[in-house]
Amino acid sequence: MALENSVFPSRPDSLALPVEEKGEVEEPETGTKATASTGVFNVSEELGHVVTTQTTASTSPPAKVKRSFQSKLAEREANANQHIKKTQGTEKERGRFGWARARRKRQRYVEKNGRCNVQHGNMRETYRYLTDIFTTLVDLNWRCSLFVFVMAYAVTWLFFGAIWYLIAYCRGDLDHLEDEAWTPCVNNVNGFISAFLFSIETETTIGYGHRVITDQCPVGTMLLLLQAILGSMVNAFMVGCMFVKISQPNKRAETLVFSKHAVISLRDDKLCLMFRVGDLRSSHIVGANMRAKLIKSKQTQEGEFIPLDQTDISVGFETGDDRLFLVSPLVISHEIDAHSPFWDMSQAQLEKEDFEIVVILEGMVEATGMTCQARSSYLTEEVLWGHRFSPMMLLAEGFFDIDYGAFHHTFEVNTPSCSARELALAAARLDAHLYWSISSRLDEEPTLAEQATKQPDGSSADSKAGEPIFTVGEMTDIQEQSALGELNGSITTDQSETEA
């Protein structure tokens with residue numbers, strides 16, 4: 001054994017020096033013991049001597065040792081940070097200066113309240129919005145809608161008021177205000193304010209009686225007819241927009257609630273993805289229909305990348321279970337079968353996946369007859385494996401009581417962590433094993449009739465010596481009970497072997 005440093009100026013409690021092993025420089029480690037895998041030797045004050053490992057005697061340059069130490073230190077820090085991230089889970093990470101920062105979550109395609117998180121940009125054909133101006137005004141927010149509503153009336157009033165004032169100015173009515181022999185176009189119009197008030201009275205059909213048009217002004221008569229017609233159109237258009245906006249069924253969706261989490265557990269020995277939906281109002285949704293979509297990016301075999309690809313998730317379309325009678329909260333179930341996108345997904349793989357499940361409830365509002373749609377979504381971390389929803393319906397005296405306090409509550413149940421494919425294969429192997437085990441035992445079980453027909457002298461003229469005689473026939477009660485007992489024992493043993 002060769003030591004790189006034989007003299008130490010000051011010997012600490014524990015010191016470890018790096019040496020080379022098989023041409024590689026190992027990282028220095030502190031401790032009082034040395035192992036053959038680390039390739040180091042330790043000096044201890046308690047022992048008073050040097051303990052070395054069996055390594056080849058070689059001397060490495062200081063620069064090479066320094067580079068190796070830095071690389072090993074960086075690798076150790078990376079492993080430590082990765083371990084901290086795994087143990088912390090959803091806890092807050094630390095920034096560069098040790099400040100806590102929230103862990104970045106997946107961007108939602110549909111928010112929990114149903115709002116689609118999509119913004120359209122770089123649209124050059126904006127004129128298409130003007131071709132459907134009614135829908136454009138209805139889709140505006142309330143602040144813009146009220147502004148348009150007020151401005152529509154104010155602009156028409158000011159426009160026709162300015163025309164009435166212009167007619168009075170051109171005819172000279174403003175110059176003959178004190179002349180009683182002069183017949184103006186509109187009585188008692190002596191300025192722009194009075195013309196503006198006459199315009200409001202004409203369009204809103206108030207008619208105070210103080211300002212009135214005379215028969216000596218044909219232009220005023222035509223303008224009066226035009227303002228009455230246009231005023232009726234403005235009233236119909238703006239009042240219609242406000243009525244449709246107020247009666248929109250968007251707010252009806254606020255009382256249609258979805259559970260905060262989706263769960264995966266067994267139902268009738270099959271893995272199912274489940275979520276809960278409920279209606280808080282007494283007025284029901286007529287013709288309620290449920291749909292679900294899986295939003296996940298994928299890449300085709302040709303190399304094409306499809307972002308946010310939509311895959312349909314069956315919630316009972318073939319059997320009619322997607323049509324709901326939503327009087328009380330219901331648990332919507334998706335059976336994970338061979339046609340399901342979750343067929344090959346296990347619990348461990350679920351934690352690594354990055355997808356979003358969008359659920360859509362559509363129906364007609366019973367009070368207004370308008371179609372309503374409620375939406376929600378579930379991210380990967382919002383899908384709980386091995387959970388089940390708590391019951392929330394109680395039987396009271398004369399009615400059923402719904403406890404919405406347990407709407408979002410779930411509890412853990414025993415659920416296999418394997419995928420639905422693996423579960424189906426295991427069940428198929430168990431059924432095949434039980435089938436062949438039962439068939440072989442039924443074929444090999446001798447009957448009492450065969451035992452009774454055996455000769456007491458032990459002659460074996462009809463059969464070979466040493467071979468049992470089997471006949472196919474009906475078994476007696478005693479044989480059937482013994483056979484069932486043996487079969488039950490074999491089934492229990494097979495099940496235990498399968499579980500193991």
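The first residue of the sequence shown is numbered 1, and numbering continues consecutively from there.
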Go through it in stages, so that I can follow the logic: the residues are Val118 and Tyr109, the test is side chain to side chain contact (heavy atoms under 4.5 Å, CB included), and I'd like the CA-CA distance, side-chain angles, deciding distance and then a yes or no. CA-CA 7 Å; Val118 177; Tyr109 189 67; 3.9 Å; yes
Just checking Phe400: does its CZ atom have more than 12 heavy atoms from other residues, nucleotides or ligands closer to it than 6.0 angstrom? no
To the nearest 0.5 Å, atom CD of Glu353 lies from atom CD of Glu381 at 12.5 Å
Residues, nucleotides or ligands: over 12 heavy atoms within 6.0 Å of Glu412 CD: no
When rounded to the nearest 0.5 angstrom, what is the spacing between CG in Leu330 and CG in Leu361? 10.0 Å
Would you find more than 12 non-hydrogen atoms of other residues, nucleotides or ligands less than 6.0 Å from Asn141 atom CG? yes
Does His284 use its side chain to pair, donor to acceptor, with the backbone of Ser282 at less than 3.5 Å? yes
Are the side chain of Ser333 and the backbone of Cys272 linked by a donor-acceptor contact shorter than 3.5 Å? no
Of Arg108, Lys260, Lys112, the residue whose pairing with Tyr378 passes side chain to side chain contact (heavy atoms under 4.5 Å, CB included): Lys112
Is any side-chain heavy atom of Leu140 closer than 4.5 Å to one of Leu137? yes
What distance do Met242 atom CE and Phe149 atom CZ have between them, rounded to the nearest 0.5 Å? 6.0 Å
Would a 4.5 Å heavy-atom cut-off, applied to side chains only, mark Leu266 and Leu271 as touching? yes
Answer yes or no: are there more than 12 heavy-atom neighbours, outside Phe317 itself, under 6.0 Å from its atom CZ? no
Note: Trp343 and Ala424 closest approach over all heavy atoms is CH2-CB, 3.9 Å
Ignoring hydrogens and angles, tell me if any N or O in the side chain of Arg276 forms a donor-acceptor pair with the backbone of Phe407 under 3.5 Å. yes
Where is the tightest heavy-atom contact between Met393 and Ser328, given as atom of each residue plus distance? CE-OG, 3.6 Å
Please indicate whether Phe325 has more than 12 foreign heavy atoms, meaning atoms of other residues, nucleotides or ligands, lying under 6.0 Å from its CZ. no
Hey, what do you get for CD1 (Ile313) to CG (Leu273), rounding to the nearest 0.5 Å? 6.5 Å
Any side-chain heavy-atom pair of Leu384 and Ile264 under 4.5 Å: no
Do Ile360 and Gln373 come close enough that some side-chain heavy atom pair is under 4.5 Å? yes
Would you check if Thr380 and Leu350 make a side-chain contact, meaning some heavy-atom pair closer than 4.5 Å? yes
Got more than 12 heavy atoms from elsewhere within 6.0 Å of CG, Asn117? yes
For residues Gln248 and Val138, determine if any side-chain heavy atom of one lies less than 4.5 Å from a side-chain heavy atom of the other. yes
Nearest non-hydrogen partners of Pro416 and Trp385, listed with the distance: O-NE1, 3.1 Å
More than 12 foreign heavy atoms under 6.0 Å from CZ of Phe147: is that the case here? no
Determine yes or no for a side-chain-to-main-chain donor-acceptor pair under 3.5 angstrom, with Asp268 supplying the side chain and Lys270 the backbone. no
Do the non-hydrogen side-chain atoms of Lys296 and Asp309 ever get within less than 4.5 Å of each other? no
Look at the side chain of Thr410 and the backbone N and O of His387, then say whether any donor-acceptor pair between them is shorter than 3.5 Å. no
Arg421/Asp337 ion pair, N-O < 4.0 Å: no
Ignoring hydrogens, what is the shortest heavy-atom contact between Arg252 and Thr255? Give both atom names and the distance. NH1-OG1, 2.6 Å
Are the side chains of Gln349 and Ser419 in touch, meaning some heavy atoms are under 4.5 Å apart? no
Residues Lys298 and Glu304 bridged, charged N to O under 4.0 Å: no
Could you pull out the closest heavy-atom pair between Ser346 and Ser417, with the gap in Å? CB-O, 3.4 Å
Other residues, nucleotides, ligands: >12 heavy atoms within 6.0 Å of Phe243 CZ: no
Do the charged groups of Glu356 and Lys293 touch, with an N to O distance under 4.0 Å? no
Have His334 and Ser340 got a donor and an acceptor in their side chains that come within less than 3.5 Å? yes
Rounded distance (nearest 0.5 Å) linking atom CE of Met392 with atom NE2 of His409: 12.5 Å
Steps toward side chain to side chain contact (heavy atoms under 4.5 Å, CB included) verdict (Cys372, Leu256): CA-CA 10 Å; Cys372 172; Leu256 297 174; 4.2 Å; yes
Minimal non-hydrogen separation, Ser390 against Phe411, with atom names: OG-CD2, 3.5 Å
Is the backbone N or O of Ala348 less than 3.5 Å from a side-chain atom of Glu351, with the two atoms forming a donor-acceptor pair by type? no
Examine distances only and state if a side-chain atom of Trp142 and a backbone atom of Lys245 form a donor-acceptor pair shorter than 3.5 Å. no
State whether the side chain of Thr135 and the backbone N or O of Asp132 hold a donor-acceptor pair below 3.5 Å, judged by distance alone. no
Is there a side chain to side chain contact (heavy atoms under 4.5 Å, CB included) between Ile306 and Thr300? Walk through the geometry before answering. CA-CA 8 Å; Ile306 304 177; Thr300 61; 3.8 Å; yes
Okay, side chain of Ser377, backbone of Val110: is any donor-acceptor separation there less than 3.5 Å? yes
Begin from the C-alpha positions of Arg291 and Val359 and carry the test side chain to side chain contact (heavy atoms under 4.5 Å, CB included) through to its verdict. CA-CA 6 Å; Arg291 293 185 292 126; Val359 292; over 6 Å; no
Taking atom OG of Ser265 and atom CG of Asn414, what is their separation to the nearest 0.5 Å? 11.0 Å
Ring geometry between Phe134 and Phe237 (parallel below 30°, tilted from 30 to 60°, perpendicular above 60°): perpendicular
